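Letters go in sequence order (proteins before strands), and every chain restarts at 1. Source: prediction; values computed, not measured.
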Amino acid sequence: MDKKPYDPSEIEEKLYQEWESSGLFEPGEDSDSYSLAIPPPNVTGTLHMGHGFQNAIMDCLIRYHRMSGKNTLWQVGTDHAGIATEMVVERRLNAEGKSKESIGREAFEKEVWDWKKYSGNKITSQLRRLGSSLDWSSERFTLDDEYQHAVQSAFIQLFEDGLIYQGKRLVNWDPVLETSLSDLEVVNKDLTIKIWEIKYQLEDSDQFVTVATTRPETLLGDMALAVNPGDERFSHLIGKNAEIPLCNRLIPIVADDYVDPEFGTGVVKITPGHDFNDYELGKRHGLHLVDETQCGIGTEKEFDPISILSKAVKIIGIAPEKFHGMDRFDARAELLNDLKENDCLIKESEYESTLPYGDRSDQILEPLLTDQWYVDAKTLAKPAIEAVKTKEITFVPANWEKTYFQWMDNIQDWCVSRQLWWGHRIPIWYDENGQAFAGHSEDDVRAKNTLTGPLTQEEDVLDTWFSSSLWTFATLGWPEKNSKLELFHPTTALVTGFDIIFFWVARMIMMTKYFMKEVPFKEVYITGLIKDENGQKMSKSKGNILDPIDLIDGVSLEELLEKRTEGMMQPQLKEKIIKQTKKQFPDGIDSYGTDALRYTYYSLASPGRDINFDIGRIKGYRNFCNKIWNAFRFIEMQAVNHEYQPTTPKADDFSDWMSQKINQTSINCKTHIRNISL
RNA sequence: AGACCCGUAGCUCAGUUUUGGUUAGAGCGCCGCAUUGACAUUGCGGAGGUCGAUGGUUCGAGUCCAUUCGGGUCUACCA
């Protein structure tokens, strides 16, 4: 017998391989089933503490039920993560002096697939290292042929049922990635920004009105001014025209309740092509261009917003020639200058407001008028709301239901098209007249609609979350009917973070209710966020990221520093991060083993609460593992030394007490696991 | 503007609903002692808490109610 203390790395990996190769994690045929679907991690990503935490919980649940005799399936798979992955590959191309446009769509897709192959195994090997007893025999990827077929089928059915439509509307536009984003991908940041007051001359008069704006360049696309109907200061102006400075265009002054007389100057410029509220107001008043020099009001049908920005957010269209081709912010500076020279700029001041940023690109977004595909979320939401109201699905902890309802009750149609190349290409073909037909392939579309003319396929791809909203049933082979789907759907529980309740959980419920007529899962366990020991969110820019694998296998200081500083968006933070890391982990991080890590997660887990991960805790649990290890070593040694032979159990006080304790412990475990209080 | 969460020992956290009930627990850290044959990733002992504050309900409140302070999150936002 060796004299060494507990050394987890030696035994854990070997044991996992034995488990996996023996088929222990694979499901059987028994109808008494229990199933979980893993929230699919980004295929090119790496595991973070949150993954570690959630997988530890899921593994506990699945192992408990497996050992209780249930037929278990823990579905594993990865997500293609459209924008995130496309960005990474694009950056790599740029580093080589290439761009995605220069190599073309097909070559680019191949690049991404290569990248996926290169980095895709990393995440799965990390999941194995965490000891997660996933069924690897049924691993799925959201861009597998079978999964693609499911996504297409879902899209086609929604299209044919009239729940997906194409529309020209304002979307949140990311000017760097040059794609639309859904409302959820917008991050509103609180900032101190500038606000300017600008003079608009009244028609046939030497009088003017003053308008406040934070985006003066949108003036080039103004279609009206608006005042509150009850505001006596301006009631005489309603119905009159004003001239946009520098633009030689007259715009009507309209009355609308949207205008708050208390705010700014009480007069608002209306730019329906570049602001969501203005768009709605413009629609109400039927704003449209009568000719180049005059905007008019009319019916809602006549509403025709104008856009003065291209997809690269450069000035175009009806704006004066001199601004054409200028970036939005350059145009702003230039325009302010011109306004000043023409005595049209009255005031510049600062005020607290918010600006929309892209969650991936971290750039200021621009509302832009484009053709996009939308899912009728309001219709799909109804059964999804019902499912939670009737307790077909329960949230743990229950207070998340409130958050869920709050969002679902006010849900907006979901923009699902993205102007990217990496993803599920929208299964739509257009005929010569631009009419859209849905189908699995060009042949399919032709056959179904008896079309003979030329067809062109839609260029856009689908929002990644569209495909992941089908996750629980698409992984089981839907739309083909099969025994697996029968056996394991709905899944029993979902374990995930609150940050994707809207992105994923809500949409899964909507889609699954629609296609399967049942819920995707019966219980949603919402975990808290793993933060650092000071309660700070773990993030690359703060340099406080911990890799669960490093806690398991240990890491040297050099490696840790390398990891925390590579590929940084803000290199100026590098020194600070190095200093702080050196201080916290002067000798790197010890190897603690998977069991100690998971035990730490369990001990810190409390439904719905964020976790401040304290490195001290894991040390304690490693020592606890060591204790158990040595206790067994001791027993083994004594058994050998004393040539112990098992005999029939004798009734005595001590063993009665022991078995009673063991029984009670087992009952406690059952209760706690049922309540997911680990 | 609305909704939600947190505040308990020096630090990180249990305990708070279902069920209010004697001296409020754990790990780490700290102090003291012990110990080289399962284990120093050790053993034994100890100090340390106005349970954020105020008021209320109650025989009894960390736990229930109201108010309030501090920290955080989400959703929606007016030029």
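Sorted by first and then second residue, the salt bridge (charged side-chain N to carboxylate O under 4.0 Å, His left out) pairs involving residues 386-401 of chain A (not counting sequence neighbours) are K391(A)-E401(A), E392(A)-K513(A). For residues 219-230 of chain A, the pairs satisfying salt bridge (charged side-chain N to carboxylate O under 4.0 Å, His left out) are D222(A)-K269(A), with sequence neighbours left out. Listed by first and then second residue, the side-chain hydrogen bond (donor to acceptor under 3.5 Å, both in side chains) pairs involving residues 252-265 of chain A are D256(A)-R284(A), D256(A)-H285(A) (not counting sequence neighbours).
When the C1' atom is compared between G60(B) and G21(B), the two are found 7 Å apart, to the nearest whole Å. Straight-line distance between the P atoms of U23(B) and G29(B): roughly 31 Å, to the nearest whole Å. Only the P atoms considered, U42(B) is 45 Å distant from C4(B), to the nearest whole Å. Separation of the P atoms belonging to C65(B) and U58(B) is 16 Å when rounded to the nearest angstrom. Between the C1' atoms of U73(B) and G32(B), the separation comes to 45 Å (whole Å). For G15(B) and G27(B), the C1' atoms lie 15 Å apart once the distance is rounded to whole Å. For the P atoms, the distance from G25(B) to A9(B) is 14 Å, rounded to whole Å. Going from the C1' atom of A14(B) to that of C51(B) covers 13 Å, rounded to whole Å.
To the nearest angstrom, C1' of C39(B) lies 14 Å from CZ of F624(A). Taking atom CE on M49(A) and atom P on U12(B), their separation rounds to 16 Å, with Å as the unit. Atom OH of Y599(A) and atom C1' of A26(B) are 11 Å apart (whole Å). One interatomic measurement links the two molecules: OH of Y621(A) to P of A14(B), which rounds to 11 Å at whole-angstrom precision. Here C5(B) presents its P atom at 13 Å from CD1 of I501(A), a figure rounded to the nearest Å. Residue L597(A) contributes atom CG, which lies 16 Å from atom C1' of G27(B) at whole-angstrom precision. Atoms OH (Y592(A)) and C1' (G27(B)) sit 14 Å apart, rounded to a whole Å. Computed from coordinates, the Y601(A) OH to A14(B) P distance equals 16 Å when rounded to whole Å.
The ring-ring contact (aromatic ring centres under 6.0 Å, His included) search around F276(A) returns none, not counting sequence neighbours. In this structure, the side-chain contact (heavy atoms from CB on, under 4.5 Å) partners of D231(A), at least two apart in sequence or on a different chain, are N228(A), R233(A), F234(A), P261(A). Judged as a ring-ring contact (aromatic ring centres under 6.0 Å, His included), and not counting sequence neighbours, the contacts of F53(A) are Y601(A). The side chain to side chain donor-acceptor pair (under 3.5 Å) check on N623(A) picks up nothing, with sequence neighbours excluded.
Using a 4.5 Å cut-off on side-chain heavy atoms (C-beta onward), I346(A) and K199(A) make contact.
The distance from atom CD of E348(A) to atom CD1 of I195(A), rounded to the nearest 0.5 Å, is 11.0 Å.
Between Y404(A) and F395(A), the angle of the ring planes lies from 30° to 60°, which puts this pair in the tilted group.
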* Asked: Under a 3.5 Å cutoff on both atom distances, Watson-Crick or G-U, what's the dot-bracket for RNA chain B ([ ] crossing, | other strand)?
  -> (((((((..((((.......[...)))).(((((.......))))).....(((((..]....))))))))))))....

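Here the nucleotide nearest the side chain of N612(A), chosen from U42(B), C4(B), C13(B), is C13(B).
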* Asked: Which letters describe nucleotides 72-79 of chain B, given B = protein heavy atom under 4.0 Å from base, S = only from sugar-phosphate, - = neither?
  -> SS-S-BBB

